[in-house]
Amino acid sequence: MAVNVKEIMNEKKSNQHFLRILEKLVPAFFLLCAIISVLTTIGIILTLLVETITFFNRVSFTEFITGTEWWPFGENASYGILPLISGTLLITVIAMIVALPIGMASAIYLSEFAPPKVRKVVKPILEILAGIPTIVYGFFALTFVTPMLQLAIDDLPIFNALSPGIVVGIMIIPMIASLSEDAMSSVPNHMREGALALGSTRLEVALKVVVPAALSGIIASFLLGTSRAIGETMIVSVAAGSTPKLTTDVTESIQTMTGYIVQVTLGDASYGSTTYYSIYAVGMTLFVFTLIMNLLSQYISSRFKEDY
């Protein structure tokens, strides 16, 4: 019996020693993961900066940000990025016109009106959209949405801004709906109950109490959705065309910043050429756009965070 007690005590000491070692190793592992993430981010930024500086040693910065023509090929190359920015923003505006009302309506329904059983079924189905590869969305836009639009719009070309804009909007609906629903679900029930006790309808409670209370989270979801639309690549590469134009006509073929990067990286430019370095300048511009949107989202979330 005494031997068994000693064995048990020794086993406990061994386990405690193992746990002490584990407690020291796990934080070190987490720290290593954090350092790798930071170093990776720094490496990406440095790569963009170095190659972008090389590009601006060959092309005027003023021409780049104010030029209205983008044709980086041949002897008479033009490097005005405004047509690419215009195409990117045009796709983004169309996408948000589609995604914001549908995503917001879905979030209000899931948060305020859907029974628990329905919510458990509908929300996962809605979020399945987020798992579909974007190349599939691209071919969906090209082979289904565009032909449907051509039935309603005469002389609509196969490549246009409207079709990929609509499909990008469909793609980001789950992001907006999920984040907005999470924000509204975090509003305490006593606020709803108080409004109902004063005679408000469920719709009035949703629109006049819950939505204002969760406004910071809702706006943050809108901004993150906008950032996602700006950075979308495959849908616009497949369905929007490759014609850089400074236009607001949604029926014309356009090119976005991400679409241009795909075009050049497929082999349209030789390594070390000005055209090659232009993809880094465009990438840096895209990085600045998405960084601003993400910082704005974080600022709004922290600045206007509600205390219930």
Side-chain angles (χ1 to χ4, degrees), residues 30 33-34 37 91-134 136-137 140 165-232 235 289-308:
F30 290 156
C33 292
S37 300
I91 293 292
T92 302
V93 169
I94 297 170
M96 298 315 291
I97 289 174
V98 172
L100 292 187
I102 298 176
M104 189 66 189
S106 301
I108 292 174
Y109 172 74
L110 290 172
S111 174
E112 304 303 314
F113 296 98
K117 291 183 179 179
V118 175
R119 186 184 298 113
K120 288 180 181 179
V121 174
V122 172
K123 190 171 182 180
I125 292 176
L126 183 65
E127 292 179 346
I128 286 175
L129 289 171
I132 299 175
T134 56
V136 176
Y137 279 112
F140 172 71
I166 291 172
V167 175
V168 170
I170 293 172
M171 182 193 67
I172 61 177
I173 285 173
M175 174 186 291
I176 293 175
S178 181
L179 294 176
S180 297
E181 192 269 335
D182 290 341
M184 287 186 280
S185 296
S186 66
V187 176
N189 282 330
H190 66 76
M191 296 181 67
R192 298 179 176 85
E193 293 166 356
L196 290 171
L198 293 173
S200 301
T201 64
R202 293 182 67 186
L203 182 61
E204 289 175 329
V205 171
L207 297 180
K208 298 181 179 181
V209 176
V210 177
V211 170
L215 192 60
S216 66
I218 293 171
I219 294 176
S221 74
F222 289 173
L223 293 175
L224 289 174
T226 303
S227 178
R228 179 69 181 86
I230 290 173
E232 172 51 35
I235 297 175
F289 267 86
T290 54
L291 178 64
I292 290 173
M293 297 302 299
N294 289 335
L295 291 177
L296 188 59
S297 173
Q298 292 181 8
Y299 170 77
I300 291 175
S301 298
S302 59
R303 176 67 178 80
F304 300 102
K305 187 176 181 180
E306 290 83 5
D307 296 322
Y308 305 116

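Values below: all heavy atoms of this structure, side chains included; hydrogens, waters and symmetry mates excluded.
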Sequence neighbours left out, cut at 3.5 Å: what donor-acceptor pairs do the side chains of residues 95-115 make with other protein atoms?
residue : atom : partner : partner atom : Å
S106    : OG   : I102    : O            : 2.7
E112    : OE1  : R192    : NE           : 2.9
E112    : OE2  : R192    : NE           : 3.3
E112    : OE2  : R192    : NH2          : 2.9

Distance-only donor-acceptor hits, side chain of residues 165-180, under 3.5 Å, sequence neighbours excluded:
residue : atom : partner : partner atom : Å
S178    : OG   : E127    : OE2          : 3.0
S180    : OG   : I176    : O            : 2.8
S180    : OG   : S221    : OG           : 2.9

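The CD1 atom of I235 sits 6.0 Å away from atom OG1 of T134, with the distance rounded to the nearest 0.5 Å. From I219, atom CD1 reaches atom CG of L296 across 9.0 Å, with rounding to the nearest 0.5 Å. Between K120 atom NZ and I125 atom CD1 the span is 14.5 Å, to the nearest 0.5 Å. Here the CG-CD distance, from L196 to E204, works out to 10.0 Å after rounding to the nearest 0.5 Å. Remark: E181 CD to I218 CD1 distance equals 11.0 Å, nearest 0.5 Å. For the atom pair CZ of F289 and OG1 of T226, the computed distance is 12.5 Å after rounding to the nearest 0.5 Å.
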**Message:** Does L224 form a side chain to side chain contact (heavy atoms under 4.5 Å, CB included) with M293? I'd like the steps, not just the answer.
**Reply:** CA-CA 7 Å; L224 289 174; M293 297 302 299; over 6 Å; no
- side chain to side chain contact (heavy atoms under 4.5 Å, CB included) between M191 and V205, intermediate numbers included: CA-CA 9 Å; M191 296 181 67; V205 171; over 6 Å; no
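Put simply, the side chain of S227 never gets that close to the backbone of L223: no donor and acceptor are under 3.5 Å apart.
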